[in-house]
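All remarks here apply to the structure that follows.
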2 protein chains.
Amino acid sequence: MIAIGEASRLSGVSIETIRYYEREGIISKAVRTASGRRAYSDTEISELRFIKRCRDLGFSIQDAVALRNLADAPSDACETVERLGSKHLSDVQAKLAELRKLEKALVELVANCAKGQSDCPMLDALKAR
Amino acid sequence: MIAIGEASRLSGVSIETIRYYEREGIISKAVRTASGRRAYSDTEISELRFIKRCRDLGFSIQDAVALRNLADAPSDACETVERLGSKHLSDVQAKLAELRKLEKALVELVANCAKGQSDCPMLDALKAR
DNA sequence: GCTTGCTTCTGTAGTGACTACAGGATGCAT
DNA sequence: ATGCATCCTGTAGTCACTACAGAAGCAAGC
C-alpha cells in the first residue's frame with residue numbers, strides 16, 4: 001500500500017493535485033487506511049502516470065479521461081484515439097504557428113529598443129496598430 | 001462619445017472584457033452618460049488597443065499595465081521596456097521549444113495508430129513511461 | 001512514554017483572464 | 001406605441017490547479 005506522498009513521487013503528480021483529481025472524480029476514490037489515509041496500488045499509480053503523460057502532452061483533463069477510458073475499452077478504441085490525437089496535433093500546430101509569429105514580432109520589438117533614448121521605439125510599436 | 005459596443009468593435013476587446021478591465025482597475029473608469037451608460041473617447045480606444053496588442057503578444061495583464069504606464073512615463077522607460085520585452089521573448093522561446101517537442105511526440109503517436117487493429121499502439125505509447 | 005518533526009486529513013478560498021448569464025433599463029426606428 | 005438592439009449591475013462559472021488553516025496520525029530518538 002502506497003501513501004499519497006509516495007504516490008506523488010512515483011507519478012509526478014503533486015499531492016494537492018491527486019486530491020483534486022479524486023475530489024473531481026477524475027480518478028476513482030482511493031481506499032483508506034484505518035486512520036483515514038489514502039492508500040494506492042500499483043494500478044492506481046499507473047493511472048496517475050497515464051493522466052500525467054496526457055497532461056504533459058497538452059491534452060485537456062477531459063481528453064485525458066476519455067483516453068484513459070478507451071485504454072480499457074473494446075475494439076474501436078483506436079479510431080477514437082487517433083481522432084483525438086490528430087485533433088490535438090492540429091491545435092498544437094496552430095499554436096506553434098502563432099508563437100512563431102509572436103517570437104518574430106518580439107525580436108523586432110526588442111531589437112528596435114535602442115537604449116538611452118528619450119522616446120522608446122518599442123513603445124511606439126506597441127502604440128501603433 | 002463612443003458607446004461600449006462601438007468601443008469593442010474599434011478596439012477588438014469584447015464588451016464583457018472591457019467591463020471586466022474597468023472593474024479590475026486595469027483601465028480607468030469610463031465617464032457615464034445621463035442614463036448611466038459608459039462613454040469613451042479616442043484616447044480610451046487607443047488605450048484599449050494598446051492593452052489588446054500587448055495581450056495578443058502574450059504579455060500578462062500586469063505587464064501590459066506596466067508597459068502602458070511606461071508609455072506616458074519619463075526618460076528611463078526604454079530600458080524597462082526592453083527588459084520586459086526580452087524576458088517575455090525568452091519565455092516565448094521556451095514555450096516554442098516545448099511545443100516543438102510536443103508536436104514531435106504527437107506526430108509519432110498518431111502515426112503509430114494503425115487503424116482497425118484491436119490493440120492501439122498510441123494507447124500503449126501513452127501507457128508506457 | 002514523551003517530544004519532535006514529518007506526513008496526511010478535510011475544507012475552503014484564491015489564481016488569471018476572462019466568459020456567461022439573469023433581470024432590468026434605455027435608445028432608436030417604425 | 002411597439003419592438004428590438006444595446007446597455008446596465010451583479011453574480012457565478014470556467015480550467016486546472018495551488019495555497020492555505022487547523023487538526024490529527026505516525027515513526028524515531030531520548
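This one's a predicted model, so the numbers in the text were calculated from it and none came from an experiment. Chain identifiers are assigned alphabetically (A, B, ...) following the order of the sequence lines, protein sequences preceding nucleic acid strands; residue numbering begins at 1 within each chain.
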Give me the distances for all protein-to-nucleotides 26-29 of chain D N/O pairs that come in under 3.5 Å?
unit_1	atom_1	unit_2	atom_2	d
D/dC26	OP1	A/S35	OG	3.2

### Query
Ignoring hydrogens and angles, does a donor from either the side chain of B/E24 or the base of C/dC18 sit under 3.5 Å from an acceptor on the other?
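For B/E24, whose side chain was compared with the base of C/dC18, there is no donor-acceptor pair (under 3.5 Å).
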
Calculate the interatomic distance between [X] atom [atom1] and [N] atom [atom2]; express it in whole Å.
X	N	atom1	atom2	result
A/E22	D/dA16	CD	C1'	17 Å
B/M1	D/dC7	CE	C1'	17 Å
B/Y20	D/dT14	OH	C1'	13 Å
B/E16	D/dA12	CD	C1'	12 Å
A/K52	D/dA16	NZ	P	15 Å
B/R23	C/dA20	CZ	C1'	11 Å

Protein-nucleotides 28-30 of chain C N/O pairs under 3.5 Å:
none

### Message
Of the listed nucleotides (C/dT19, C/dC9, C/dA17), which one gets closest to any side-chain atom of A/I4?
### Response
C/dC9

For [N], take OP1 and OP2 only and decide whether either is under 4.0 Å from a side-chain N or O of [X].
X	N	value
A/R55	D/dC17	yes
A/Y21	D/dC17	yes
B/R19	D/dT9	no
A/R32	C/dT10	yes

### Message
Closest-nucleotide mapping onto DNA chain D: is A/T17 or B/E6 further toward the 5' terminus? I mean the 5' end.
### Response
B/E6

### Task
State plainly whether the residues B/E108 and B/K101 are in salt-bridge range, i.e. N to O under 4.0 Å.
no

### Message
Looking at B/E6 and B/R9, is any side-chain nitrogen of the basic one under 4.0 Å from a carboxylate oxygen of the acidic one?
### Response
yes

### ring pair (Phe, Tyr, Trp, His ring centres under 6.0 Å): pairs with one or both residues in residues 78-99 of chain B, sequence neighbours excluded
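Listed once each, the pairs are B/F59-B/H88.
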
### Query
With distance as the sole criterion, is a donor-acceptor pair present between the side chains of A/Q93 and A/S90 under 3.5 Å?
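No, because no side-chain N or O of A/Q93 sits under 3.5 Å from a partner of the opposite role on A/S90.
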
